Amino acid sequence: QVQLVESGGGLVQAGGSLRLSCAASGRTFSSNNMAWFRQAPGKEREFVAAITWSGGSTSYADSVKGQFTISRDNAKNTVYLQMNSLKPEDTAVYYCAADGRYSRGSVYYTAPRYDYWGQGTQVTVSS
């Protein structure tokens, strides 16, 4: 059974940092692009960041550029999201996602393109 399990969320004050992890099990995702999305209450799920299977290319939403960093460790079958200078508007449930297609050179930016999803981890930033 394929699983993506996020961890690292929590409550943090504005200006603080968190590092989210997404550990995959059931199969290796070393040849698959991975992404992070988030969903705030009453809002649609939105793209945050993505990374190609090799880690050679990353993409970010304009709202988090320069603030968040996505990375991956294929040996650990894990993808990370380093979040710095957090703001109250970053409060959301953060989801990890995997593209089921192999060795794509470019990433997708919309949720329906991703085939595997984690259960989400809550990030709350207090002002």
Side-chain angles (χ1 to χ4, degrees):
Q1 182 182 359
V2 176
Q3 277 192 312
L4 300 177
V5 180
E6 301 97 335
S7 61
L11 174 63
V12 64
Q13 288 189 332
S17 297
L18 284 173
R19 188 194 196 203
L20 305 184
S21 298
C22 171
S25 61
R27 57 161 280 187
T28 179
F29 284 96
S30 60
S31 297
N32 301 86
N33 297 346
M34 304 287 290
W36 288 94
F37 286 76
R38 67 185 180 186
Q39 189 166 16
K43 294 188 177 182
E44 292 189 355
R45 193 168 298 191
E46 65 173 358
F47 172 80
V48 174
I51 187 166
T52 54
W53 62 276
S54 66
S57 179
T58 57
S59 297
Y60 298 92
D62 287 343
S63 58
V64 305
K65 276 182 184 175
Q67 182 189 357
F68 291 3
T69 302
I70 188 171
S71 61
R72 65 189 298 161
D73 184 337
N74 285 341
K76 295 182 178 179
N77 218 18
T78 300
V79 63
Y80 305 97
L81 185 68
Q82 177 68 44
M83 306 187 295
N84 297 328
S85 304
L86 284 162
K87 310 167 190 174
E89 51 264 42
D90 294 317
T91 294
V93 177
Y94 283 71
Y95 297 90
C96 172
D99 179 355
R101 300 154 193 81
Y102 292 99
S103 304
R104 279 184 46 83
S106 59
V107 300
Y108 293 125
Y109 298 92
T110 55
R113 291 286 197 170
Y114 288 84
D115 303 286
Y116 302 94
W117 290 86
Q119 82 290 346
T121 185
Q122 176 70 47
V123 171
T124 303
V125 185
S126 63
S127 57

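Index from 1, following the sequence. Quantities reported herein were computed from a predicted structural model and do not represent experimental measurements.
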**Item:** Polar contact flag, side-chain donor to acceptor under 3.5 angstrom, Thr91-Glu89
**Value:** no

**Request:** Determine whether the side chains of Asn33 and Arg72 contain a donor N or O and an acceptor N or O closer than 3.5 Å.
**Result:** no

**Axial cation check for Tyr80 ring with Arg19, 6.0 Å and 45° limits** = yes

**Prompt:** Relative to Trp117, does Arg45 satisfy both conditions: NZ or CZ under 6.0 angstrom from the six-membered ring centre, and within 45 degrees of the ring's axis?
**Reply:** yes

**Message:** Taking side-chain contact (heavy atoms from CB on, under 4.5 Å) as the definition, give me every residue that meets it alongside Ser57, ordered by chain and number, with sequence neighbours left out.
**Reply:** Thr52

**Fill in**
Sorted by chain and number, sequence neighbours left out, side-chain contact (heavy atoms from CB on, under 4.5 Å) with Ser63 holds for Arg38, Ala61

**Asp99 bridged to Arg104 by N-O distance under 4.0 Å** = yes

**Message:** Under a 4.0 Å threshold between the charged nitrogen and the carboxylate oxygen, would Asp90 count as salt-bridged to Lys87?
**Reply:** no

**Asked** side-chain contact (heavy atoms from CB on, under 4.5 Å) with Val48: which of Leu20, Ile70, Val64?
**Response** Val64

**Prompt:** Picking from Tyr109, Tyr94, Tyr108, Tyr114, what satisfies ring-ring contact (aromatic ring centres under 6.0 Å, His included) with Phe47?
**Reply:** Tyr109

**Request:** Kindly give the heavy-atom pair with the smallest separation between Cys96 and Glu6, and that separation in Å.
**Result:** N-OE2, 2.8 Å

**Item:** Closest non-hydrogen atom pair between Ala49 and Leu81, with its separation
**Value:** CB-CD1, 4.2 Å

**Request:** With the side chain counted from C-beta on, respond yes when Val12 and Thr124 share a heavy-atom pair under 4.5 Å apart, and no when they do not.
**Result:** no

**Asked** Does the ring pair (Phe, Tyr, Trp, His ring centres under 6.0 Å) test come out yes or no for Phe37 and Tyr95, once each step is laid out?
**Response** CA-CA 5 Å; Phe37 286 76; Tyr95 297 90; 8.8 Å; no

**Prompt:** When you measure from the side chain of Asn84 to the backbone N and O of Gly16, does any donor-acceptor pair fall under 3.5 Å?
**Reply:** no

